[in-house]
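From a predicted model like this one, the values you see are computed outputs, not experimental measurements.
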Amino acid sequence: MSDRQLRIGCASGFWGDTPEAIGQLVSKGDIDYLVFDYLAEVTMSLMARARAKTPEAGFAPDFVKALVPWLEDIKAKGIKVVANAGGVNPRGCRDALARAAAEAGVELSIGVVLGDDLMERADAIRDRGVTEMFSGVAFPDEIWSMNAYLGARPIATALDAGADIVITGRCADSAVALGPLMHEFGWKDEDWDKLSQGSLAGHLIECGPQGTGGNFTDWQDVSGWDDMGMPIVEVSEDGSFVMTKTADTGGLVSPGSAGEQMLYEIGDPRAYLLPDVICDWSGVTLEQIGPDRVRVMGGKGLGRTGSYKVSATYADGWRAVTTLTLAAIDAPAKAERVAEAILTRCRRIFRNKNLGDFRQVSVEVLGAEAAYGANARARTREVVLKIGVAHEERSALNIFAGEIAPMAISTAQGLTGFYAGRPKVQPVVRLFSFLQDKADTPVAVEVDGKDVPVTVATREVRLDPPATPPADSRDAGPDAVKVRLVELAWGRSGDKGDIANIGIMARKPDYLPYIRSALTEDAVKTYFAHLCNGPVERFDLPGSHALNFLLHESLGGGGIASVRIDPQGKGFAQMLLDIEIPVPAKLAENDGLAMTKESAA
């Protein structure tokens, strides 16, 4: 590893994350850069709607409010800040921060990155006949937001021009960390492996404490949930880095916790497409080198694409979700019948009013392991009935909302828990993704209100991936016993639109061949048959002894287009970790693995 290191800490994993993280990192993180990630596809649509009502809005006001009390310390310590808090109004965010800094008596140079917002080009893009890159549907008639995922070069350019704080609109989440690395180390647009490693460093910290023990499979080993340490990467000039966290805080940084975050929402690990580089993380290694310190190496870069991914959002009908509590004998069966009664009554009213049927219905009896489908084992006398519906007409869902409470006196005894009142009818917001030529995307940089020339590499470059040996799948043999997957592996799941991602990382390299033999694409498809309507893909990561699965059409539309209880696949890994895997009896005995009752019998 090189001698010079840059310490980057992340203080926000989403819009709404705790403001306490800033003080933790600034006061005791010993960081050079403070970065923030605020944006998701739905966030952009919410910000666009806010700006339509108030031209000065459209960014994350939380950023300004939380940062201002620490500006004096940030300035004194020479910490620079990069945040995608600009949303659909980066200049508005800059102006609000500049006013607050002036009131606090802190002089700052503020840069903004522009050009991701393509709303003014909507008609031209529609006329091009652009279709959705996954489903192939036509471009919507009316959209709420449309933003390209920009890369790190414009951020580096703003820092090159002397900005103390850089505010962007939509960019790749990891770019807020890669930009400072390109600036500080002078990385070029063709330094593929460095760009890949820098992107991985950004990816590991972009979700805040989710990379330092939050959401970790081995939750019982993680202390201090009330004061979780925020993630910090110590990056060397050659791209290698150490993942750690703020000292004297809760959390845990280990190969398992860092590996789970690496696998989170990446798709194909040999071709993870980012604006600056095509990443191959299949050979990445994670090595514990001290308490809460993991060295990360081996990320490769395979060129770049000539296009940006663009995410547009649009309204497509209406949705409503309600929950009721049932404490009763035969509670799950009674809950199912209550749901049937509500839906049947609403459909009869719809027909009488010449309204169409529900477009989407999701009934889940929570507490009876509805999410597990045929794999459910629960026996319970207390459940929460969740009914989610979608319809073309808002008036139809207003009828649905009004027919929930009457069930309290006409259906099952024990029905209660109407605490939230009538369910709120909300628009269904769908995602429309497509590719946009980089050369035709108006990227711009301003520092202190003045234009700064920026050159973004637009030429597509594709390098051949290195050859890798075939992955090993091994049968457990005639003396096989079964153990739960959680005994053998860690897991983390997430989403990309309507695609669920499940990353599975073996606790020991010796376990991976047996995991791989059992977790075929067909086996995972069968396990999630009640949720997964599309194909399942599996990818190998030999460097970290891991597998990554993509379950297509598995989230009921994904995001707030879905009316499921888990529209982002957050529980999918936990469900899969409960599956039983055959392993040799000797291996189970030597490693002290807990065998299931069935296999031990």
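Classified by interplanar angle (parallel below 30°, tilted 30° to 60°, perpendicular above 60°), the ring pair Y38/F63 is perpendicular. Note on ring orientation: taking the six-membered ring where Trp is involved, the planes of F572 and F528 are parallel (angle under 30°, cut-offs 30° and 60°).
Looking at heavy atoms from C-beta onward, L178 lies in side-chain contact with L195 at the 4.5 angstrom threshold. Between S257 and W490, every side-chain heavy-atom pair lies at or beyond the 4.5 Å cut-off. A 4.5 Å side-chain heavy-atom check between I8 and I205 finds at least one atom pair inside the cut-off. The side-chain heavy atoms of S199 and V277, taken from C-beta on, include a pair separated by under 4.5 Å. Within the 4.5 Å cutoff, the side chain of T217 has heavy atoms near those of the E260 side chain. The side-chain heavy atoms of R492 and Q261, taken from C-beta on, include a pair separated by under 4.5 Å. Using a 4.5 Å heavy-atom threshold, the side chains of L67 and L71 count as touching. Using a 4.5 Å cut-off on side-chain heavy atoms (C-beta onward), L302 and W192 make no contact.
Side-chain atoms of Q197 come within 3.5 Å of backbone N or O of G239 as a donor-acceptor pair. H530 contributes a side-chain N or O that, together with a main-chain N or O of A371, makes up a donor-acceptor pair within less than 3.5 Å.
Across every non-hydrogen atom of A152 and D276, the tightest pair is N-OD2, 2.8 Å. Minimum heavy-atom separation, G229 to T249: CA-OG1, 3.0 Å. The two residues E184 and Y33 have their closest heavy-atom pair at OE2-OH, 2.7 Å. For the residue pair P535 and C532, the shortest heavy atom distance occurs at O-SG, 4.4 Å. A pairwise comparison of heavy atoms in A156 and M182 identifies CB-CB, 4.0 Å as the closest pair. Residues C279 and L274 share a closest heavy-atom pair of SG-CD1, 3.8 Å.
Using a cut-off of 4.0 Å between Lys/Arg side-chain N and Asp/Glu carboxylate O, R377 and D578 are scored as salt-bridged. Under a 4.0 Å N-O distance rule, the pair E521/R538 does not qualify as a salt bridge. Note on D591 versus R507: no salt bridge recorded, every NZ/NE/NH1/NH2 to OD/OE distance being 4.0 Å or above. The pair K245-D248 does not count as a salt bridge, with every side-chain nitrogen at least 4.0 angstrom from each carboxylate oxygen. Salt-bridge check for R7 with D32: failed, with every basic side-chain N at 4.0 Å or more from each acidic carboxylate O. Remark: R474 engages D472 in a salt bridge, criterion side-chain N to carboxylate O under 4.0 Å.
For residues 549-558, the pairs satisfying side chain to side chain donor-acceptor pair (under 3.5 Å) are E537-H552, with sequence neighbours left out. Pairs passing the side chain to side chain donor-acceptor pair (under 3.5 Å) check and including a residue from residues 71-87, sequence neighbours excluded, read D37-N84. Applying the side chain to side chain donor-acceptor pair (under 3.5 Å) test to every pair with at least one member in residues 264-275, sequence neighbours left out, gives these pairs: Y264-K570.
Annotation: the span from D566 atom CG to L531 atom CG amounts to 8.5 Å, rounded to 0.5 Å. Distance CG/L97 to CZ/F59: 9.5 Å, rounded to 0.5 Å. N375 contributes atom CG, which lies 9.5 Å from atom CG of L576 (distance to the nearest 0.5 angstrom). For the atom pair CG of L366 and NZ of K386, the computed distance is 7.5 Å after rounding to the nearest 0.5 Å. To the nearest 0.5 angstrom, F539 atom CZ is 10.0 Å from N501 atom CG. For the atom pair R293 CZ and Q288 CD, the distance stands at 10.0 Å (nearest 0.5 Å).
Using modelled atom types, one finds a donor on one side chain and an acceptor on the other under 3.5 Å when comparing S240 with D238. If you check the side chains of D522 and T520, you find no donor sitting under 3.5 Å from an acceptor.
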Inset, instruction - Give the intermediate values and the outcome of side-chain hydrogen bond (donor to acceptor under 3.5 Å, both in side chains) for residues R516 and S473. - result: CA-CA 5 Å; R516 195 174 188 279; S473 292; 2.8 Å; yes
Inset, instruction - Could you walk me through whether S174 and E206 pass the side-chain hydrogen bond (donor to acceptor under 3.5 Å, both in side chains) test, one step at a time? - result: CA-CA 6 Å; S174 56; E206 70 189 34; 4.7 Å; no
Inset, instruction - Verify salt bridge (Lys or Arg N to Asp or Glu O under 4.0 Å) between E580 and R484, making sure each step is shown before the conclusion. - result: CA-CA 4 Å; E580 296 173 348; R484 293 164 68 209; over 6 Å; no
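Each of I504, V583, D510 was compared with L488 under the side-chain contact (heavy atoms from CB on, under 4.5 Å) criterion, and only V583 meets it.
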